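Down below is the structure, laid out as structure tokens.
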Amino acid sequence: MRTNALVVALLSLVWVTGLPAGPALATHPCPQSTDGSPPQDPMWWSDHDGCSGGGLGPPPPGDVAVTKADAGTTVTVPLGQHLRVALDAGNSGTIWTDVDAGPVLHRDFLDVQRPWTSAIFAASQPSDGVDVIAADGPTPWSIHVVVGPEQDSPTPSQSCPTQRVWGSSEGAVALTDADNGRTIQVSRGDRVGVFFPGCRGFDFRPAVATGVLHRYRAHGSNPGGTSAVFSAVFPGTATITSTTDAPCFHTAPACAAPQEQWQVTVQVVEPCRLDGMASVPIGGETQLVGQFKPGATVQIWFRPYGGTTFVARRMLTADPNGWVYTSFRSLVDQRWYATSDQGCTSAPGLTQVRPYVAGPTSVRRGAAVPLVVHGLAGAPVEVWFRRGSGSYSLRRTGHLDAAGTYRTSYVADADYTYYAVMGRDRRTSDQVLTTAR
């Protein structure tokens with residue numbers, strides 16, 4: 001019973017507030033782009049922000065491709081060609097969060113998206129050897145790369161893919177190059193995304209972080225735009241940084257343009273929030289889900305419609321992840337908020353009741369069909385009907401009685417769909433279909 005309650009509460013939380021999920025596997029499709037840019041996941045804070053499917057295709061002529069099986073080997077890449085790295089971490093456990101190299105190899109592309117971590121490096125100058133390293137992952141991975149003589153090969157077409165700049169959402173903060181130098185505060189469990197549009201000559205690399213932020217998603221081209229998404233794993237302070245890069249930094253001689261640095265300080269604090277349903281059919285159960293400091297004592301305060309003061313009606317203890325769960329029966333509009341002994345007060349919330357209509361699923365054709373609308377006592381009510389696949393029309397008006405009910409009926413000469421509208425603020429019930437057999 002406890003497990004079922006938790007599942008219901010979590011589903012309610014996602015439905016109402018759209019709080020970000022953790023870095024799990026993708027379970028939702030990516031929409032097709034309408035502006036010619038790569039398809040993008042609308043929930044950038046979840047598991048990924050791109051929809052390429054991960055990994056790299058077959059290498060063009062002259063390029064060299066390596067996988068995790070090549071760890072510890074030495075490979076030769078012709079001057080002017082590319083090294084293509086594709087590391088498959090599988091569908092569980094940790095994933096390699098980065099692949100990088102020294103100044104000899106210019107990283108043209110990076111994509112971190114479970115299960116793949118992929119990178120493409122341009123061999124821009126001769127070298128007797130440089131290490132390409134993916135240190136943060138299931139196991140340390142590296143190869144030794146020798147940049148050999150130049151070979152004739154087709155010249156690849158040049159492009160500059162821009163990065164879509166996302167906006168912030170509840171529990172997820174989006175940063176851009178305009179945020180350089182800022183200090184921001186987020187809650188444990190929140191997501192921080194860093195998005196650079198790119199295609200400006202000297203473009204930023206995908207951002208990295210030190211401290212309590214974990215980068216689980218990165219994507220970018222150089223030249224081009226980049227993105228990185230971090231989860232706030234623990235309370236504390238973290239620094240997110242990025243530096244500009246360009247192909248000319250990796251040639252011999254290298255260009256003398258100064259590198260620009262971008263930096264934001266992130267303070268991660270314990271969350272203090274309570275979320276619930278914005279509306280529920282009258283008499284229905286409303287789930288409240290909150291997140292606080294693990295082990296905190298949390299009080300839930302309520303004030304029903306017409307009340308003048310809030311009253312503490314729940315005292316809960318946050319679980320080891322900081323979650324609390326409770327529910328109440330919604331008979332009138334109810335305001336609520338939470339306080340915690342960690343010294344915080346959540347933002348207030350409001351759950352409004354809406355009407356619902358009780359009617360049979362199917363009846364004999366030509367029979368009288370009884371309907372009962374449930375809502376707030378004394379409130380005006382309308383009942384709208386649609387015959388078959390036609391348009392809705394207003395067929396009944398009245399007031400809910402002292403018990404909060406309004407009764408009516410109709411003759412089932414066809415299938416009918418109907419719903420109720422209650423009060424001056426026109427709260428609408430769910431639609432009900434009664435078929436005539």
Side-chain angles (χ1 to χ4, degrees), residues 56 59-66 74-85 96-112 117-136 141-163 176-177 180-181 194-210 215 218-228 239-264:
L56 298 172
D63 284 1
V64 177
V66 295
T74 297
V75 300
T76 299
V77 180
L79 182 66
Q81 298 301 127
H82 294 85
L83 172 72
R84 301 164 68 89
V85 180
W96 284 281
T97 61
D98 206 357
V99 184
D100 216 339
V104 172
L105 300 176
H106 172 244
R107 191 174 67 188
D108 291 345
F109 174 82
L110 174 69
D111 187 73
V112 180
T117 300
S118 308
I120 300 176
F121 298 87
S124 305
Q125 57 177 296
S127 174
D128 292 334
V130 60
D131 290 330
V132 176
I133 299 172
D136 185 13
W141 181 96
S142 67
I143 60 171
H144 195 66
V145 178
V146 174
V147 180
E150 187 172 3
Q151 295 182 357
D152 292 333
S153 61
T155 301
S157 59
Q158 297 296 316
S159 63
C160 189
T162 58
Q163 168 66 43
T176 70
D177 47 3
N180 187 28
V194 181
F195 304 94
F196 300 122
C199 300
R200 299 175 179 175
F202 294 90
D203 293 326
F204 282 106
R205 293 162 58 91
V208 296
T210 60
R215 189 177 82 173
H219 182 81
S221 300
N222 192 282
T226 65
S227 66
T239 302
I240 305 177
T241 59
S242 180
T243 56
T244 52
D245 195 13
C248 68
F249 286 154
H250 305 268
T251 60
C255 58
Q259 281 190 300
E260 181 181 346
Q261 177 159 313
W262 180 97
Q263 180 173 309
V264 167

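The shown structure was predicted, so the numbers you read here are calculated from the model rather than taken from an experiment.
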Review point. Between CH2 of Trp262 and CD1 of Ile240, what distance do you get to the nearest 0.5 Å?
Key: 5.5 Å

Check your understanding: Under the 3.5 angstrom rule, does the side chain of Ser221 hit a backbone N or O of Pro223 as a donor-acceptor pair?
Key -> no

Point to revise | Exam field: side chain Asp203 to backbone Arg200, donor-acceptor pair closer than 3.5 Å | key: yes

Review point. Does a donor on one side chain sit under 3.5 Å from an acceptor on the other, for Asp131 and Ser142?
Key: no

Practice item. Using atom types as modelled and distance alone, determine if a side-chain donor or acceptor of Thr97 lies under 3.5 Å from a backbone N or O of Arg215. Key: no

Check your understanding: Are the side chain of Ser242 and the backbone of Phe204 linked by a donor-acceptor contact shorter than 3.5 Å?
Key -> no

Study note, to complete from the structure: The reported gap from CZ in Phe195 to OG1 in Thr162 (rounded to nearest 0.5 angstrom) is 13.5 Å

Exercise for review: Apply side-chain hydrogen bond (donor to acceptor under 3.5 Å, both in side chains) to Ser124 and list each qualifying residue two or more places apart in sequence or on a separate chain.
Suggested key: none

Point to revise | Asp100/Arg205 ion pair, N-O < 4.0 Å | key: yes

Point to revise | Gln263 side chain vs Thr241 backbone, donor-acceptor pair below 3.5 Å | key: no

Point to revise | Pairing residues for Asn222 by the side-chain hydrogen bond (donor to acceptor under 3.5 Å, both in side chains) criterion, not counting sequence neighbours | key: His106

Review point. CG/Asp136 to OG1/Thr117 distance, rounded to the nearest 0.5 angstrom?
Key: 9.5 Å

Review point. Quick one: does Gln125's side chain have a donor or acceptor within less than 3.5 Å of a partner on His250's backbone?
Key: yes

**Study point:** side-chain hydrogen bond (donor to acceptor under 3.5 Å, both in side chains) partners for Arg84, two or more places apart
**Key:** none

Exercise for review: Enter the distance from Arg107:CZ to Asp98:CG here, rounded to the nearest 0.5 Å.
Suggested key: 5.0 Å

Point to revise | 4.5 Å side-chain heavy-atom contact, Pro197 and Thr176 | key: no

Check your understanding: Atom CG of Leu56 and atom CD1 of Ile120: how far apart are they, to the nearest 0.5 Å?
Key -> 5.0 Å

Exercise for review: Measure the acute angle between the ring planes of Phe202 and Phe249, then classify it against the limits of 30° and 60° as parallel, tilted or perpendicular.
Suggested key: tilted

Study note, to complete from the structure: Ala246 and Gly201 have their tightest heavy-atom pair at CB-O, 4.2 Å

